[in-house]
2 protein chains.
Amino acid sequence: MSVDDLRPVRPATLEDVARVAGVSRATVSRVVNARPTVDPALRRKVQDAIEATGYVPNQAARSLVTRRTDSIALVVSERERRDVAASFVGRVFTDPHFGRVVGGLLEVLRPAGVPMALMLVDDEDSRRQLLSYLRRGHVDGAVLISSHASDPLPQLLSETGLPAVIAGNPAGSATLPYVEVDQRAGARMAVDHLVSLERRRIGTITGPQDMPAARERLTGFHRALAAHGISDAPTAEGDFTQAGGAEAMRRLLSEHPGLDGLFVASDLMAQGALLTLERRGLRVPHDIAVVGFDDSEAALACEPPLTTIRQPVEEMAAEAARLLLGQITAREAPPASSIFRPTLVERASA
Amino acid sequence: MSVDDLRPVRPATLEDVARVAGVSRATVSRVVNARPTVDPALRRKVQDAIEATGYVPNQAARSLVTRRTDSIALVVSERERRDVAASFVGRVFTDPHFGRVVGGLLEVLRPAGVPMALMLVDDEDSRRQLLSYLRRGHVDGAVLISSHASDPLPQLLSETGLPAVIAGNPAGSATLPYVEVDQRAGARMAVDHLVSLERRRIGTITGPQDMPAARERLTGFHRALAAHGISDAPTAEGDFTQAGGAEAMRRLLSEHPGLDGLFVASDLMAQGALLTLERRGLRVPHDIAVVGFDDSEAALACEPPLTTIRQPVEEMAAEAARLLLGQITAREAPPASSIFRPTLVERASA
DNA sequence: CTGAAAGCGCTAACAG
DNA sequence: CTGTTAGCGCTTTCAG
């Protein structure tokens with residue numbers, strides 16, 4: 001009942017535990033780190049002492065010697081946009097694709113006990129902050145999501161020497177290993193499907209053309225059309241949002257009223273396009289067959305349910321996490337990139 | 001041109017810089033930490049040496065002595081759900097409200113140079129991992145977003161003694177300071193507005209009733225109705241998603257076909273409700289006036305544009321960040337919570 | 001299998 | 001204004 005019974009202001013250290021258990025710091029350390037070479041009896045004493053003192057390892061001290069933090073960063077890099085209406089953060093988090101990526105990463109990281117810090121980069125300033133954060137050794141590695149072509153971050157990141165993997169194709173400049181889906185093949189599958197449905201007047205709503213993925217899908221679309229001997233390719237650019245898809249559909253329709261097939265570069269935009277079609281009194285798929293891309297939740301929320309190209313986003317993200325973890329553990333040369341194949345998911349819209 | 005010219009395998013330390021600059025470690029430390037008490041001439045020499053060696057401070061070593069990491073965590077805690085269709089991560093990131101919170105936090109954190117690690121918690125396991133992460137001293141404090149009533153996390157977090165602030169009301173148990181909007185007042189403003197439009201048959205689409213915010217809005221709705229002498233209150237529960245709103249609207253309509261006013265507890269659900277109304281041939285606001293909640297982007301994407309209750313989400317989040325930073329710096333008793341007032345934003349739907 | 005001892009890289013008194 | 005001197009708490013050889 002003396003002052004000593006008060007909870008210590010200073011958190012317990014390894015030293016404290018060692019004293020209570022009557023062993024050396026080294027032994028406590030072994031127990032904490034689950035080393036097998038400890039006498040069961042001592043192990044018990046140490047565990048009791050840990051319990052009694054409420055000991056929690058100090059991460060900084062540990063990192064200082066191990067040079068590991070046992071955590072990684074997820075870096076999301078977007079191009080700068082200063083317009084309030086579509087602020088960066090809102091866009092990223094509203095995109096269902098992003099949620100799926102996070103889900104896939106966590107599937108691997110969680111069981112491994114590796115926490116993930118999310119870092120957002122959208123201008124020079126935040127980029128500098130991020131690089132400094134990474135270089136100071138706050139994390140052991142990073143997964144980078146970078147959607148726009150002119151992003152300097154992949155290059156800068158690779159120069160830090162920190163283990164890193166890109167989720168998505170880094171605009172050709174493969175300075176880092178990446179995980180990606182074969183976008184062109186996906187577009188081709190969409191077109192092939194529309195053609196098999198006897199559609200010949202096929203248009204497309206694309207994503208922003210400064211995003212490699214959007215470009216690839218358009219390229220695939222064009223090539224597939226050409227392969228079927230179709231030369232006309234009505235196109236409208238969207239911005240990967242639902243509202244943008246609705247708007248692009250209006251433009252497409254006003255210039256090409258006779259379309260009977262449509263490939264939309266994302267389900268979210270397709271959802272918007274479908275709304276426009278409904279309001280114009282066009283029936284799907286009777287008047288115009290529609291194929292989306294992603295196979296996200298949006299595809300199911302569509303009326304009618306959307307036929308779409310599935311990218312195995314979660315699996316890809318999980319693979320990215322595995323590659324990164326492997327790279328961190330092995331400290332070897334960066335692993336090879338891996339390309340996944342998309343699949344056609346047939347529902348009611350085409 | 002000897003072996004010594006090779007880039008060092010070992011990153012430069014303060015010691016290296018000191019040697020190159022011909023000063024002591026302490027002086028280099030002072031320069032790195034921008035202490036004013038350094039002779040300009042020496043300062044230059046040190047800066048050159050830093051440049052030459054490519055020195056970057058080691059965060060672990062620094063944290064070990066300062067007991068600070070200069071970073072914080074954003075903890076998002078959701079109730080467990082194991083159904084694939086609505087996986088946790090997808091839900092969180094698809095919610096525009098969340099994006100706004102992050103934006104508001106970053107507004108304060110970025111200029112302060114404080115990185116934010118995003119941590120997701122949705123089950124016992126991830127909760128344990130989170131607490132361990134926090135206790136090991138990975139971050140200096142945490143902002144918690146916890147939307148469901150029975151969440152044990154606020155309590156557990158408060159027991160760690162780590163500085164923390166809750167964004168949103170923690171289900172009454174105010175063990176931690178929080179920042180919140182007056183939900184009931186918001187609901188009252190919506191009802192008052194509908195009544196001023198001569199509507200008397202007013203229904204509501206609520207959020208999940210295990211979420212305090214949703215409950216508060218419903219309570220406010222009931223009280224406001226009562227204040228106007230209206231006793232009937234048609235209600236349907238939604239899940240804060242667009243599809244859920246559309247579905248709730250269908251149920252509401254089938255049981256109460258004569259509604260002429262509607263309060264929806266979120267813009268996203270209102271967007272869905274509007275779609276249902278359109279398909280039923282009901283005109284808004286002529287046949288039924290609709291008021292949403294949030295004033296998110298969804299409100300503008302609505303057809304017609306949605307009259308809604310604006311919560312100053314970004315400002316609230318910014319305030320939460322300020323409270324947290326203050327608490328970390330001052331190491332004082334937790335600050336008081338703060339309540340913000342909502343406002344009515346009149347557009348075309350009511 | 002266990003303990004002693006040597007740092008990891010940095011900041012913070014404290015003298016000078 | 002600058003340098004010296006102690007550690008911060010932990011892991012890790014290396015002997016025993």
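Here is how names work: the chains are called A, B, and so on, in the same order as the sequence lines, proteins then strands, and each is numbered from 1. Values in this document were obtained by computation on a predicted structure and should not be read as measured data.
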Is the distance from OP1 or OP2 of [N] to the nearest side-chain N or O of [X] less than 4.0 Å?
X: N58(A); N: dC8(D); answer: no
X: S29(A); N: dC10(D); answer: no
X: R35(A); N: dT12(D); answer: yes

What nucleic acid atoms does [X] come within less than 4.0 Å of, heavy atoms only: base, sugar-phosphate, or nothing?
X: V23(B); result: sugar-phosphate
X: R68(A); result: nothing
X: V32(A); result: nothing

Rounded to whole angstroms, how far apart are [atom1] on [X] and [atom2] on [N]?
X: N33(B); N: dC10(C); atom1: CG; atom2: C1'; answer: 9 Å
X: R135(A); N: dG9(C); atom1: CZ; atom2: P; answer: 18 Å
X: L64(A); N: dC10(D); atom1: CG; atom2: P; answer: 12 Å
X: Q59(B); N: dC8(D); atom1: CD; atom2: C1'; answer: 14 Å
X: D70(B); N: dC10(C); atom1: CG; atom2: P; answer: 15 Å

Does R128(A) form a salt bridge (Lys or Arg N to Asp or Glu O under 4.0 Å) with D123(A)? I'd like the steps, not just the answer. CA-CA 9 Å; R128(A) 212 194 319 279; D123(A) 61 13; over 6 Å; no
Who passes side chain to side chain donor-acceptor pair (under 3.5 Å) against T69(B), sequence neighbours left out?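 Result, side chain to side chain donor-acceptor pair (under 3.5 Å) vs T69(B): S71(B), D140(B).
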Using side-chain heavy atoms (C-beta onward) and a distance below 4.5 Å, is L156(B) in contact with R127(B)?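 Yes, side chains in contact.
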Could you pull out all residues at least two apart from Y55(B) that satisfy ring pair (Phe, Tyr, Trp, His ring centres under 6.0 Å)?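 For Y55(B) there are no ring pair (Phe, Tyr, Trp, His ring centres under 6.0 Å) partners, ignoring immediate neighbours.
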Could you tell me whether the side chains of D16(B) and T53(B) share a donor-acceptor contact shorter than 3.5 Å? no
Distance alone, cut at 3.5 Å: any donor-acceptor contact between the side chains of E51(A) and Q47(A)?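 Distance-only check fails for E51(A) and Q47(A).
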Presence of donor-acceptor pair under 3.5 Å, side chain of R25(B) and base of dT4(D):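 No pair found.
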Where along residues 13-20 of chain A does a heavy atom fall under 4.0 Å from DNA chain D?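 Residues of residues 13-20 of chain A under 4.0 Å from DNA chain D: T13(A), L14(A).
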Short N-O contact, R44(B) and D48(B), less than 4.0 angstrom: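 Yes.
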Could you run down the sub-3.5 Å N/O contacts of the protein with nucleotides 14-16 of chain D?
none

Let's see if you can work this out: which of [options] has an atom nearest to the side-chain heavy atoms of [X]?
X: R62(A); options: dG9(D), dT11(D), dT4(D); result: dT11(D)
X: S24(A); options: dT12(D), dC8(D), dG3(C); result: dG3(C)
X: A61(A); options: dT11(D), dC10(D), dT12(D); result: dC10(D)

What pairs of donor and acceptor atoms, side-chain ones from residues 30-38 of chain A against any protein atom, are under 3.5 angstrom apart with sequence neighbours left out?
residue, atom, partner, partner atom, Å
N33(A), ND2, S29(A), O, 2.9
N33(A), ND2, S29(A), OG, 3.4

Provide the full list of ring pair (Phe, Tyr, Trp, His ring centres under 6.0 Å) pairs with a residue in residues 107-142 of chain B, sequence neighbours left out, each pair given once.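 Listed by first then second residue: Y133(B)-H138(B).
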Dump the intermediate steps for side-chain contact (heavy atoms from CB on, under 4.5 Å) on D125(A) and R110(B), then the final yes or no. CA-CA 9 Å; D125(A) 226 53; R110(B) 249 180 208 180; over 6 Å; no
